[in-house]
Amino acid sequence: MPELPDVEVFRRRLAATGLHRQVADVEVHDTSLPREVSRQRLQKVITGHELKRTRRHGKHLFAAVSCGQWLVLHFGLTGLLEYHRDGEPDDDHTRLTLRFGDGSRVAYVDQRRLGFVSLTPDVDAYVEHEPLGPDALEVSQAALRDLLRSRRGAVKSVLMDQTVIAGIGNIYSDEILFQAGVDPRAPARSLDDAACRRIHRQLRRVLQMAADRSVDVSRMPRGWLLPHREDRAPCPRGNGEVRRFRLSGRGAFYCPACQAS
DNA sequence: AGTACCACCTGACGGC
DNA sequence: TGCCGTCAGGTGGTAC
C-alpha cells in the first residue's frame, strides 16, 4: 500500500498529532523493526524528547527529534501510522509506539513486517546514501524527461525504480501511465517529448490528488484505473477491457485501447 | 544495464 | 473444516 500518497498522508497525520509534545515512552514491540540501530538506542534517543518537524522523501518518512537525530520510517508493503487517544485500543500488529504524557500515542503498525525504522543524523546524507532519486513531486518536466530517457527498461519499471525517482510503486505507476495514455512496456528511452510531458503532468496530478483525498479509493475520480485492478474489468473510460500482465514479477494493469504503443 | 527469480514475512481467498 | 496453491501495493540479492 504505502507509496508516495500514502506516506504523505502518514506525514500529515504525524505533523497534526505528534509534534512539540514530549514523548514519555517508546515501546518497541518487534525487535526486528529497528534497522542498523538497537532498540535501546532508539528508545534512548526519543524518550523525553519532542518531535519537531516532519519530512518525506519518496516513500520514506522522517521526523526530527529534539536531540538532533531524525527518526526514519519506511512502511514496506503493509505499514501504516496511526494516532490513538488514551483508552483507544491498539491495532493488532503494532510494532512501535510513541506514547505521550496524556496516554495518547502514535503507533507504527505493520502486519507483514517488511518495513523498518532507523535513525539518521542527516536526511540529505541518508537519501544520498540509499541512494534515492529525487522525490517524484520535486522533479521538473525537463528533469523527468532526461531521467526517463537515461534508462533502457520499460517505462513502468523505470518509474518504480527508487534510485531514479522516489515515491512511485506498482499501483501509481499503472495509474500515471493509464492517465497519460502510455503503454507500460514502452521503452523509457523511446518516449517522445509529448509522452514525457503527459507523464509529468499526470504524475503530479495523480499523486497529489490521491494524497489530498487521503488515498481513499472511494473518493478517487471516475476514470481512474485504481478501482479496476482486475483482469478483464471494464476500462474506466469505456474503451474495452483492462488487462493484467506480469512485468518483472509484478502484477501490472493497463488498458490496451487507451495505452496503445 | 536489463530482467527473472527468490527471499523476507503474514494473511486472505478460492478450489477441492 | 482443512489443506494447498496463489496472490498481495516494497526492497534487495543473485544469476543470467
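Computed over heavy atoms, backbone and side chain alike; hydrogens, waters and symmetry mates excluded. Lettering follows sequence order; numbering is per chain, from 1.
- Within the 4.0 angstrom heavy-atom criterion, only backbone atoms of the sugar-phosphate kind lie near A:R246; the bases stay farther away.
- At least one side-chain nitrogen or oxygen of A:R113 sits closer than 4.0 Å to the OP1 or OP2 atom of B:dT10.
- The aromatic rings of A:F10 and A:F75 lie tilted to each other, with the angle between the two planes from 30° to 60°.
- Following rounding to the nearest Å, A:D110 (CG) and C:dG9 (C1') show an atom-to-atom distance of 13 Å.
- A:H84 and A:E82 are linked by a side-chain donor-acceptor pair at a separation below 3.5 angstrom, with hydrogens and angles left out of the test.
- Here C:dG10 presents its P atom at 11 Å from CD1 of A:I168, a figure rounded to the nearest Å.
- The distance between atom CD1 of A:I171 and atom P of C:dG9, rounded to the nearest whole Å, is 6 Å.
- Using a 30° and 60° split on the angle between ring planes, A:F116 and A:H74 fall in the parallel class, below 30°.
- Of all nucleotides listed (B:dG2, C:dG12, C:dG9), B:dG2 comes nearest to the side chain of A:R152.
- If you check B:dT10, B:dC9, C:dG9 against the side chain of A:R250, the one that comes closest is C:dG9.
- Within the structure, every side-chain polar atom (N or O) of A:H74 is placed at least 4.0 Å from both OP1 and OP2 of C:dG10.
- For the pair A:I176 CD1 and C:dG9 C1', the computed distance is 13 Å after rounding to whole Å.
- Across all strands shown, nothing is found opposite C:dG9 as a Watson-Crick or G-U wobble partner with both distances under 3.5 Å.
- Around CZ of A:R189, the count of heavy atoms belonging to other residues, nucleotides or ligands within 6.0 Å exceeds 12.
- The side chain of A:R244 contributes no N or O atom lying less than 4.0 Å from OP1 or OP2 of C:dT6.
- Here A:L203 contributes atom CG and A:L137 contributes atom CG; the two are 6.5 Å apart, rounded to the nearest 0.5 Å.
- Across the protein-nucleic acid pair, A:E36 atom CD and C:dG12 atom C1' stand 13 Å apart, rounded to whole Å.
- Looking at heavy-atom distances under 4.0 Å, A:R151 makes contact with sugar-phosphate atoms alone, never a base.
- For the pair A:D161 CG and B:dG2 C1', the interatomic distance rounds to 11 Å; values are reported in whole Å.
- When the nucleotides C:dG9, C:dG10, B:dT3 are ranked by their closest atom to the side chain of A:A154, B:dT3 comes out on top.
- Residue-level contact check: A:G76 touches the backbone only, with heavy atoms under 4.0 Å from sugar-phosphate atoms and none from bases.
- Between B:dT10 and C:dT1, the two P atoms lie 25 Å apart (nearest whole Å).
- For A:K59 and C:dG9, the shortest distance from a side-chain N or O to OP1 or OP2 is not below 4.0 Å.
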